[in-house]
Amino acid sequence: MLYETALSGQTTFFQKLRSLDYILLFCLLILGVVSSLSMYSTEGGEILYHTKSHLIRFLVFFLMMLIFSFVNLKFWHSTSYIFYFIVLCLLIWASLYGVKASGSQRWVDLYFINLQPSELMKIAIIMCFAKFYHRTQIHLVNNFKNLIVPIVVLLVPILLVVSQPDLGTSILIGLSGLVVLWLSGVNAKYFIYSSLVLLISLPFVISFLKPYQKLRILTFFNPDRDPLGAGYQIIQSKIAVGSGGLSGKGFLKGTQSYLDFLPEKHTDFIFTLFSEEHGFIGSVLLLLLYAIIIYRTIKIGAAARSFFGKLFCYGFASSIFIFVTVNMSMVLGLLPIVGSPLPIMSYGGSSMLATMIGFSVVMSTKIYQKQIIA
Amino acid sequence: MISGGSDTSYRKQSVVGRRMFILSAAKLVVFGGIIAQLFSLQINQNKKYLTLSDKNRLREWKLPPIRGDFQDFFGNTIAGNLKVYQLHIIPEQVENFNNLIIRVKDILELDQKTFNKIIKKKNSQKPWETLIVSENLSWDQFVKINFYLHELSGVKPVLSVARSYPYNENYTHLLGYVAQASPNDLTKNEKIRKRHVPGLRVGKIGLERSLENDLIGMNGVQRYEVNAYGKRINQIDHVEGQKGKSIRLTVDTKIQQMCNELLKDKAGSISVMDIFTGDILAMHSSPSFDPNLFLYGISYKDWELIRNNPKKPLINRSITGLYPPGSTIKPIVALSALENNIISPNFKVNCSGKIEMYGQTYNCWKKKGHGVVNLRDALKVSCDTFFYEMSRRLGVDRLNETARKFGLGNKVFNNIFNEEKKGLVPSTEWKKNTLGKGWVLGETLITGIGQGYIQTTPLQLCLMTAQLANGGFKINPKIIVDKRNPTFEQIKSMINKNLEEKIKGPEFDDAMVDLGISTSKENNLYKPLFRNQENIKFVLEAMFASTNEVRGTSYSSRIDNKKYQFAGKTGTSQVKRITEAERELDLDISQIPYEDRDHALYVAFGPYKNPRYAMSIFIEHGGSGGSTAAPIAKKLFKVVIDRHDEREKLNKLETI
């Protein structure tokens with residue numbers, strides 16, 4: 001009722017429906033179809049567990065996203081901090097009582113779903129910062145209090161995720177947060193100083209890394225160091241991509257994938273499988289699809305009157321960009337292997353949920369683009 | 001809280017807009033970088049990665065090459081391949097190997113010893129290597145295994161081939177046998193190394209070994225797609241192997257079997273040769289053994305039986321056995337004396353049973369002596385005294401020249417058999433070079449009766465006889481049928497032509513006849529080995545007398561039927577010096593220990609009117625040539641001559 005009054009006389013439900021960004025929705029749907037087909041291919045051309053649950057998740061979360069799009073942007077604004085705190089609590093819960101799998105404790109058992117709060121944190125941090133800077137006047141952005149608070153807000157979840165241990169996700173959370181800080185006008189020199197500090201402290205940081213993480217970094221610089229061990233993933237991934245050629249080996253014909261040479265093909269290496277089967281042309285088209293999604297999101301942000309909506313759209317678009325490029329660079333051998341899913345393409349409910357929540361806020365920004373939030 | 005004034009709001013918007021613009025520019029650059037990397041991997045290095053991906057997924061399995069057959073002259077397979085049922089297990093692919101192998105043991109009813117052997121073999125190889133549980137399942141076992149196959153996952157009944165020698169011991173020394181390739185075989189023969197698969201059998205000795213490169217065959221190849229764990233997913237490609245070359249030999253199984261029969265329970269050798277074409281019709285060494293025993297690894301018991309047999313079955317006497325030729329050398333000694341004009345056919349010696357020379361007594365085999373004998377009689381009755389005197393005049397070096405011309409002291413085959421021995425024909429130079437001592441004249445005398453340093457293989461004696469019997473022409477002994485070789489008719493006309501040239505052209509130089517040492521051997525083929533053919537004819541006639549006239553040494557073994565009539569020369573060679581006391585005793589053969597008994601030899605050719613075949617018979621410690629070896633020739637000639645028509649029929653058929 002509250003929102004209706006705020007909008008009364010301005011838009012009807014039909015008008016809201018019309019103001020949805022259909023190009024963005026269409027692109028997301030295509031991505032959903034492509035990801036389901038890739039999942040189908042990982043299972044050797046059979047509809048098995050992964051394909052089924054991926055498709056169901058996509059449809060459920062996509063529908064949820066559509067419904068949530070009609071939620072007033074004010075709601076998202078008002079719940080941003082609460083959302084951040086809930087996710088933070090879940091993270092702490094995960095660290096204390098989480099489900100352990102393959103050496104790390106990342107999941108919270110919610111009975112109907114195993115939730116990975118660190119994935120939700122990627123979105124929560126953007127919402128939290130968007131609200132924070134929405135409420136901060138521009139000339140106060142760079143004062144001490146307004147610098148220290150976001151850093152603490154960012155560092156707490158990062159440290160929690162690192163301790164799980166999950167280096168990849170914590171880096172992505174950090175990058176998501178930093179990009180919002182950058183957009184909201186934090187002085188560029190702080191970024192330069194802190195990168196210098198990071199560079200100097202890097203050897204110390206590395207000394208705190210787990211042996212397998214160190215190995216991964218060493219392997220990145222020379223995959224042939226240990227071709228059957230740590231270098232195996234990256235070598236096999238490059239073979240798969242490289243052997244795809246211009247037009248790929250064909251759908252369901254990726255030998256590297258169906259003969260199990262490809263590691264983690266459902267999750268982090270889904271792009272490798274796609275690239276092997278659809279080649280350079282397919283890969284560039286997929287990249288283009290992501291580019292359109294990012295572009296549409298930025299465009300919605302540009303048209304938004306509220307600073308919260310604008311900053312969220314810009315931040316979210318940038319984080320999608322970061323997730324996509326980090327994942328692709330990793331499987332193409334441009335970055336060391338750290339766990340990072342490809343948004344929507346990779347198998348994983350929490351990641352899909354977080355991405356779709358992000359898009360509901362984006363759609364809400366679109367529908368309520370003229371809304372001014374006090 | 002009210003959002004900032006329109007001024008701050010505007011500034012905020014412009015800051016975020018500006019920074020977003022910078023960020024977007026950076027994004028484009030990064031996307032460009034990713035596309036560049038994709039381009040580099042997928043377009044520029046596509047070939048490299050495609051190869052790597054194929055290397056990942058494709059595995060080749062080499063199949064054992066199928067060995068070429070051996071056939072006798074008539075096309076009977078004398079070494080072939082049998083289909084055998086084998087049982088393979090790849091231990092890696094088996095869940096519980098111990099349970100499985102015990103189950104297999106029960107089904108096949110293996111004894112504990114075999115079972116232990118399998119376990120030992122399994123522990124010695126890598127888990128992904130095929131374990132051959134049984135090389136040769138019986139049909140019953142094969143059926144039983146297939147019946148239980150559903151509960152024996154990981155067990156594979158395989159249809160394979162194995163070498164088989166259908167004539168068992170008949171061709172053992174000629175063909176040799178095959179057994180598992182040893183590390184030594186692999187390092188020495190590149191072809192074996194390249195085509196090796198576990199369990200591959202290669203030739204170990206004989207023709208199987210020397211013709212390995214022709215026989216071995218090409219591997220078939222099965223190409224499979226495998227997954228990351230090495231499991232075969234599906235077969236991509238199957239390249240049929242190529243069976244090795246089948247080799248046809250000049251031998252006649254009927255004659256070979258006859259030889260085996262005739263040498264039963266004896267140690268010895270028989271060789272039969274075509275005196276024009278040089279074809280070996282039979283070459284057998286006795287005792288022999290069954291080469292099939294070696295196929296699956298010979299059992300300790302069988303091996304001990306072969307190894308400890310005092311008659312030494314492992315030796316191929318025909319080409320590696322070196323024995324003094326005894327009196328079988330006499331035709332050559334006589335020919336040498338005639339050719340060098342040392343004596344005339346009328347030269348006579350009075351044999352009193354012994355002769356004193358250089359302060360030593362040289363005995364004739366006949367204690368009472370032969371009385372006055374001429375050359376023809378001396379050959380016929382094999383009078384040693386005559387030959388002592390003649391050799392003395394001839395000298396060992398002239399004898400050496402003639403003997404070598406006719407094939408003694410050289411390998412008969414051109415390296416067909418690795419194990420073949422050269423033998424030895426002594427000369428003064430040889431003795432000085434190898435023993436460092438001067439030649440003693442007395443040694444010439446005993447060389448003249450085929451004793452002393454001289455050593456020959458039975459096959460050399462056969463070639464010698466053949467080259468005398470064909471009128472004195474050099475021939476090319478061979479055991480492998482080759483269509484490029486000249487036929488009998490062609491050889492005959494070549495010989496006639498060469499003979500005409502020899503008669504017409506007195507300038508034909510003796511030196512042109514090679515001793516067989518130089519590589520130009522081919523050029524001398526079918527050329528005369530004599531100065532005057534009359535001398536050859538004289539020797540042959542004397543050999544005829546030795547077999548077919550009363551008092552001839554092999555008179556009792558003669559065949560009067562002209563079709564089979566043959567001529568020959570006996571030989572009895574001493575293995576040790578006989579003391580005067582022993583000579584006085586004149587022991588019967590059965591009273592002498594086996595190892596001290598004389599070797600019995602016989603060389604012969606026939607049919608006498610129109611000679612075609614020569615043979616040499618050697619019986620180790622067989623006693624006298626006349627009593628032991630010559631009777632064998634009598635039986636054998638009947639078979640050889642009877643088989644002649646069959647052989648000719650086939651020859652005619654093939655030349656058309």
Side-chain angles (χ1 to χ4, degrees), chain A residues 133-139 141 179 182-185 188 235-236 238-246 248-249 255-256 258-263 275-276 279-281 283-284 287-288 290-291 294-295 298 301-302 306-307 310-311 314 317-318 321-322 324-325 328-329 332-334 372-374, chain B residues 1-24 26-59 224-234 236:
Chain A
Y133 287 105
H134 175 81
R135 296 169 58 151
T136 309
Q137 285 178 319
I138 187 73
H139 59 275
V141 163
V179 91
W182 160 263
L183 287 169
S184 52
I235 289 172
Q236 293 302 338
K238 279 169 91 171
I239 289 173
V241 173
S243 62
L246 182 66
K249 292 179 182 167
T255 55
Q256 284 286 100
Y258 88 81
L259 297 171
D260 288 334
F261 289 101
L262 213 56
S275 194
E276 184 188 14
F280 182 67
I281 293 170
S283 307
V284 171
L287 208 58
L288 194 67
Y290 277 112
I294 291 163
Y295 169 72
I298 292 171
S306 69
F307 192 72
K310 189 187 288 291
L311 198 52
Y314 285 178
S318 302
F321 165 82
I322 289 165
V324 170
T325 50
M328 287 188 179
S329 308
L332 295 177
L334 294 170
I372 297 167
I373 299 165
Chain B
M1 193 195 256
I2 299 157
S3 63
S6 64
D7 180 41
T8 50
S9 173
Y10 173 75
R11 265 185 64 202
K12 239 173 156 175
Q13 300 270 2
S14 78
V15 165
V16 79
R18 199 168 61 236
R19 293 210 163 176
M20 191 62 224
F21 181 76
I22 296 168
L23 210 56
S24 302
K27 284 176 189 172
L28 282 178
V29 172
V30 173
F31 267 7
I34 287 177
I35 290 173
Q37 173 74 351
L38 276 169
F39 189 86
S40 151
L41 290 177
Q42 300 195 295
I43 310 294
N44 285 347
Q45 302 181 69
N46 176 240
K47 272 218 178 97
K48 171 187 154 192
Y49 285 113
L50 212 54
T51 320
L52 285 172
S53 134
D54 280 346
K55 230 168 96 187
N56 261 346
R57 73 187 178 99
L58 298 176
R59 290 273 187 295
Y224 281 94
E225 190 167 63
V226 297
N227 68 10
Y229 316 107
K231 192 180 170 206
R232 298 181 198 192
I233 304 297
N234 53 49
I236 300 288

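Note on naming: letters A, B, ... go to the chains in the order of the sequence lines (proteins, then strands), and numbering restarts at 1 for each one.
The minimum heavy-atom distance between B:I34 and A:L287, with the atom names listed, is CG2-CD2, 4.1 Å. Scanning both residues, B:L50 and A:S243, for their nearest heavy atoms gives CD1-O, 3.1 Å. Nearest heavy-atom pair across A:G185 and B:V15 is CA-CG1, 3.6 Å. Shortest non-hydrogen contact noted between B:I43 and A:G245 is CD1-C, 4.5 Å. Contact record, A:S283 with B:Q42: OG-OE1, 3.7 Å, taken as the closest heavy-atom pair. Between B:Q37 and A:L332 the shortest heavy-atom distance is NE2-O, 2.6 Å.
A:I298 is listed as a side-chain neighbour of B:M20, based on a closest heavy-atom distance under 4.5 Å. Counting only heavy atoms from C-beta outward, the side chains of A:I239 and B:N56 approach each other to under 4.5 Å. Between A:Y314 and B:V16 there is a side-chain heavy-atom pair separated by less than 4.5 Å. For the pair A:F280/B:I35, a side-chain contact is recorded, criterion being any heavy-atom separation below 4.5 Å from C-beta on.
With a threshold of 4.5 angstrom between heavy atoms, A:I294 approaches chain B through side-chain atoms but not through N, CA, C or O. Neither the backbone nor the side chain of A:L262 has a heavy atom closer than 4.5 Å to any heavy atom of chain B. No part of B:T51 comes within reach of chain A, as not one of its non-hydrogen atoms sits under 4.5 angstrom from that chain. Looking at A:A188, both its backbone and its side chain come within 4.5 Å of chain B, counting heavy atoms on both sides. For A:A291, the parts sitting under 4.5 Å from any heavy atom of chain B are the backbone and the side chain alike.
No hydrogens or angles considered: nothing links the side chains of B:K27 and A:T325 as a donor-acceptor pair under 3.5 Å. Checked by atom type, the side-chain pair A:S184/B:K12 shows no donor-acceptor distance below 3.5 Å. Under the 3.5 Å distance criterion, with hydrogens and angles disregarded, a donor-acceptor pair is assigned to the side chains of A:Y258 and B:E225.
Across B:L52, B:I22, B:L38, the residue that shares the most heavy-atom pairs under 4.5 angstrom with chain A is B:L38. Of the listed residues A:G244, A:G301, A:S318, the one with more heavy-atom pairs under 4.5 angstrom with chain B than any other is A:S318. Heavy-atom pairs under 4.5 Å with chain B were tallied for A:M328, A:H139, A:K249, A:Q256; the largest tally goes to A:Q256. The most heavy-atom pairs under 4.5 Å with chain B, out of A:T255, A:D260, A:L183, A:I322, come from A:L183.
Atoms CZ and CZ, from A:F261 and B:R57 in turn, are 9.5 Å apart once rounded to the nearest 0.5 Å. Taken to the nearest 0.5 Å, the OG atom of B:S40 stands 9.0 Å off from the CG atom of A:L334.
Here the side chain of B:R19 pairs a donor or acceptor atom with the backbone of A:W182 at under 3.5 angstrom. Between the side chain of B:N46 and the main chain of A:G242, a donor-acceptor pair closer than 3.5 Å is present.
Surrounding OH of B:Y224 are more than 12 heavy atoms belonging to other residues, nucleotides or ligands, all under 6.0 Å away.
Between A:F321 and B:F31, the distance separating the two ring centers is shorter than 6.0 angstrom.
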